[in-house]
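Let me begin by presenting the structure, written as structure tokens, before commenting on it.
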Amino acid sequence: MTRIAILDYGMGNLRSVQKAFEHVAREQEIVVTGDADVVKAADRVVFPGQGAIGGCMRLLDESGLRESLLDAMKNKPFLGICLGLQALFEHSEEGGGVDMLGVMPGRVRHFSSLGVAVKGLKIPHMGWNQVRRTRRHPLWRKIDQNSWFYFVHSYFVDADNPDDIAGTTRYGEDFVSAAGRDNVFAVQFHPEKSQHAGLQLLKNFTLWDGECQLG
Amino acid sequence: MSLAKRIIPCLDVDNGRVVKGTQFVDIRDAGDPVEVARRYDEEGADELVFLDITASSDDRDTIIHVVEDVAAQVFIPLTVGGGIRKTDDVRRMLNAGADKVAINTAAIFDPEIVKDASDHFGSQAIVVAIDAKQVDFSDQPRWEIFTHGGRKETGIDAVEWARKMELLGAGEILLTSMDQDGVKNGFDLALTRSVVDAVGIPVIASGGVGNLQHLADGVTVAGADAVLAASIFHFGEYSVGEAKEFMRRQNIVVRD
């Protein structure tokens, strides 16, 4: 039986993510864990996150899980959700500025920084919006172009390397709603709350071998 | 490509059972919150609101189990309201699987609960529910907040209150017109527009929906970000899918 570890580093409620995975992968073991050994032994790792990025980075360090996370990103199918996407980049302007994991080049900005382009748009960006797949990827299997996903966030990823971008969404202007490189994939939206399309993405992840080539 | 306007069926739950007589022909148990929630999910509901109307506080825990059961099977955002008194109640609902918790009367007695809860769980998890009645019918209308199902006045101006709740950390306003609730004449559009214009957070219009045009008006006339209805969906008059198709024809962006 393969095992999917959902990283629990004290950043809020992971029940929804766990339940959604249990729903799509009955033949796999889903564990919510803060134990570095369990993460190390897992076949796939999920990095969820909600709330403030400063707290997220601090808790990652306090829980001693930063290294486990970086390790998993080297060789295992890895899925970041919400802050789990943002944290992959170098720097966020949230809370006066926070340095993050820096796995992918780019910054995280507040929607208000778009200025006049988003006049009248509410922050947070909360609700259902469409994702445009910018390239093929095993995690997009059976998911239509411009499918709807559920978002809740006030900051967005501005990626420097176009090759890292896997999907974009328009809110005022286009932002990166999915990123991927090698065995790492991450999304700004909440697949666990995005009904069919979200569950399909999670299911794709449970079947993913970490290769980006489409068979 | 843009953010969709949301259609939100509301389920009143009394002692663990959906009330108001759901009449889906193909549902085995119309009182079972899980079955009803699944049905709305299949129809394309964008979110669900569960309103716990259980009178006895002894039976309050039943809603926790309802939320747990629904959250294990329905993968769209869930909001739970009714009987939320303190931050710990919010925590219990979120732990059970709710994504947002609606605070109503407790915020009036102690507005700091909104700040406390949003500090703890994030604004995105905190909805403030406002029940308002019109008190000034001049050409400069005013609405005030009423509690206890509209029977008890508070003297609080509804629009100012919404603004205050946003400042304290509310992530969304669930605005119900007590004048319109149950009357089926449509939302109080002037009230909704006043609150939408006063705050920068999303507003859910509620109270008074009798047909699909009422839902559309909530968005196009009043500017609501989401529209909530109970009876038109419960009694099978319209499906959520029909509501979406109707709104789409009026050029409102809705999720497919």
Side-chain angles (χ1 to χ4, degrees), chain A residues 11-24 49-52 55 82-83 111-112 118 120-132 144-154 168-175 177 190-202, chain B residues 1-8 38 40-48 67-78 90-100 118-125 127 166 171-173 196-197 199-204 223 225-226 244 253-256:
Chain A
M11 203 65 190
N13 183 9
L14 305 176
R15 190 187 179 97
S16 296
V17 177
Q18 181 189 5
K19 290 289 167 195
F21 269 113
E22 285 172 0
H23 191 78
V24 298
Q50 58 188 32
C82 196
L83 283 188
F111 274 114
S112 63
V118 293
L121 291 185
K122 299 192 174 184
I123 301 170
H125 172 228
M126 181 170 76
W128 297 83
N129 205 333
Q130 288 168 287
V131 174
R132 186 172 68 89
D144 290 339
Q145 183 65 302
N146 297 324
S147 283
W148 295 88
F149 292 90
Y150 188 78
F151 290 83
V152 186
H153 61 125
S154 300
T168 62
T169 293
R170 189 158 192 87
Y171 193 60
E173 62 182 55
D174 289 345
F175 69 88
S177 49
H190 290 270
E192 76 279 12
K193 287 290 161 185
S194 299
Q195 216 206 15
H196 300 312
L199 293 175
Q200 182 65 50
L201 187 135
L202 295 183
Chain B
M1 200 192 257
S2 65
L3 195 62
K5 299 295 180 181
R6 291 168 280 153
I7 297 183
I8 308 176
R38 283 174 62 165
Y40 284 140
D41 176 47
E42 283 163 20
E43 285 185 358
D46 296 309
E47 282 183 44
L48 295 174
V67 174
E68 283 174 351
D69 290 349
V70 173
Q73 299 192 43
V74 173
F75 300 97
I76 56 175
L78 307 176
V90 177
R91 183 194 316 276
R92 294 198 314 150
M93 292 303 171
L94 295 175
N95 284 341
D99 299 283
K100 312 180 204 182
S118 60
D119 282 350
H120 270 91
F121 310 112
S123 287
Q124 86 291 335
V127 179
E166 178 183 19
E172 194 162 44
I173 301 289
V196 166
D197 288 345
V199 299
I201 53 179
V203 176
I204 305 169
D225 301 278
K244 286 193 163 178
V253 177
V254 290
R255 179 173 69 106
D256 297 328

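Because the structure is a prediction, the values reported are computed rather than measured. Scope of the values below: all heavy atoms of this structure, side chains included, with no hydrogens, waters or symmetry mates. Within every chain, numbering begins at 1; the chains are lettered A, B, ... in the order of the sequence lines, protein sequences first and strands thereafter.
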Do Arg255(B) and Trp128(A) meet the cation-pi criteria used here (NZ or CZ under 6.0 Å from the six-membered ring centre, within 45° of the axis)? yes
Which atoms of Ala72(B) come close to chain A, meaning under 4.5 Å heavy atom to heavy atom: side chain ones, backbone ones, both, or neither? both
Going through the distances and angles, do Arg6(B) and Met126(A) end up as a side-chain contact (heavy atoms from CB on, under 4.5 Å)? CA-CA 10 Å; Arg6(B) 291 168 280 153; Met126(A) 181 170 76; 4.2 Å; yes
Okay, His125(A) and chain B: the region with an atom under 4.5 Å from a heavy atom over there is side chain
Write down the atom of Asn129(A), the atom of Leu3(B), and the distance for their closest heavy-atom approach. ND2-N, 3.5 Å
Candidate list Leu78(B), Val74(B), Ile76(B), test side-chain contact (heavy atoms from CB on, under 4.5 Å), partner Lys193(A), passing option: Leu78(B)
Nearest heavy-atom pair of Gln124(B) and Val152(A): which atoms, and what distance? CB-CG1, 3.2 Å
Honestly, the part of Asp41(B) sitting under 4.5 Å from a heavy atom of chain A is both
Distance from Ile123(A) atom CD1 to Ser123(B) atom OG, nearest 0.5 Å? 12.5 Å
Let me confirm one number: the CZ-NE2 distance from Phe75(B) to His190(A), rounded to the nearest 0.5 Å. 15.0 Å
What's the spacing between Gln130(A) CD and Asp256(B) CG if we round to 0.5 Å? 6.5 Å
From the list Pro202(B), Gly171(B), Gly122(B), the residue making the most non-hydrogen contacts under 4.5 Å with chain A is Pro202(B)
Distance from Gln73(B) atom CD to Glu22(A) atom CD, nearest 0.5 Å? 12.0 Å
Could you walk me through whether Lys122(A) and Val196(B) pass side-chain contact (heavy atoms from CB on, under 4.5 Å), step by step? CA-CA 11 Å; Lys122(A) 299 192 174 184; Val196(B) 166; 4.3 Å; yes
Taking side chain as everything from C-beta outward and backbone as N, CA, C, O, which of these in Ala125(B) sits under 4.5 Å from a heavy atom of chain A? Side chain, backbone, both or neither. neither
Do you know which of Pro77(B), Gly200(B), Ala96(B), Ala71(B) has the most heavy-atom pairs with chain A at a distance under 4.5 angstrom? Pro77(B)
For Asp99(B) and Ser16(A), which heavy atoms make the closest approach, and how far apart are they? OD1-OG, 4.1 Å
Measure Val253(B) against the heavy atoms of chain A and call it side chain, backbone, both or neither at under 4.5 Å. side chain
So what's closer than 4.5 Å to chain B heavy atoms on Glu192(A): side chain, backbone, both or neither? backbone
If you compare all heavy atoms of Trp148(A) against all heavy atoms of Ser2(B), which two are closest, and at what distance to 0.1 Å? CZ3-O, 3.6 Å
